[in-house]
> 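Structure incoming, see below.
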Amino acid sequence: MADKKQNKKFNKNNNNYDEDYNPKFRKQRKKVCVLCSDKDFNLDYKNIEQLKKFVNEKGKILPRRTTGACAKHQRDITLAIKRARHIAILPYAQD
């Protein structure tokens, strides 16, 4: 009985302990920014194939958590997509 009390006490004091812990679901690795990692990668608003990687099937710009881009490059991506939309290379919305 003393072992059970000590075990509960240990689990409550342990910061890594989680009651909802499930070994099937592990934390995902942090995504690395594509633009930071590849120095030869130039983002261009005229290159549609490149911009389609950052837009979902409805035509919305994907967030940073999905693309894995850093804040600086996410702003560049957004600007390039908006420029491409403005000159009608990329549609605002998909059907």
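Atoms considered below: every heavy atom in the structure, side chains included; atoms not considered: hydrogens, waters and symmetry mates.
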> Anything under 3.5 Å between a donor and an acceptor, one on a side chain of residues 66-76, the other on a protein residue two or more places apart or in another chain? List them.
residue, atom, partner, partner atom, Å
T67, OG1, P63, O, 3.3
T67, OG1, A69, N, 3.3
T67, OG1, Q74, OE1, 3.2
Q74, NE2, L62, O, 3.1

> So do the side chains of V55 and K60 get within less than 4.5 Å of each other, counting heavy atoms only?
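No, side chains not in contact.
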> Please report the shortest heavy-atom distance between K46 and I89, naming the atom on each side.
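Of all heavy-atom pairs spanning K46 and I89, the closest is CA-CD1, 4.3 Å.
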> CD1/I81 to CG/L43 distance, rounded to the nearest 0.5 angstrom?
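Answer rounded to 0.5 Å: 8.0 Å.
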> Does Q94 reach the main-chain N or O of N56 with its side chain, forming a donor-acceptor pair under 3.5 Å?
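Here the side-chain-to-backbone pair does not exist.
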> Should we say atom CZ of R85 is surrounded by more than 12 heavy atoms from elsewhere, each under 6.0 Å from it?
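Above 12, so yes.
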> Under 4.5 Å between any side-chain heavy atoms of I77 and L35, yes or no?
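Yes, close enough: below the 4.5 Å cut-off.
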> Can you confirm whether H86 sits close enough to Y45 that some side-chain heavy atom of one is under 4.5 Å from a side-chain heavy atom of the other?
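Result no, sub-4.5 Å side-chain heavy-atom pair not found.
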> In Å, rounded to the nearest 0.5 Å, how long is the span from SG of C36 to CZ of F41?
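CZ of F41 is found 11.5 Å from SG of C36.
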> In Å, rounded to the nearest 0.5 Å, how long is the span from CD of E49 to CG of D44?
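Output value for this atom pair is 13.0 Å.
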> Would L90 and I87 show up in the same hydrophobic cluster when neighbours are defined by side-chain heavy atoms closer than 4.5 Å?
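Yes, L90 and I87 fall within the same hydrophobic cluster.
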> Around atom CZ of F54, are there more than 12 heavy atoms of other residues, nucleotides or ligands at under 6.0 Å?
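Yes.
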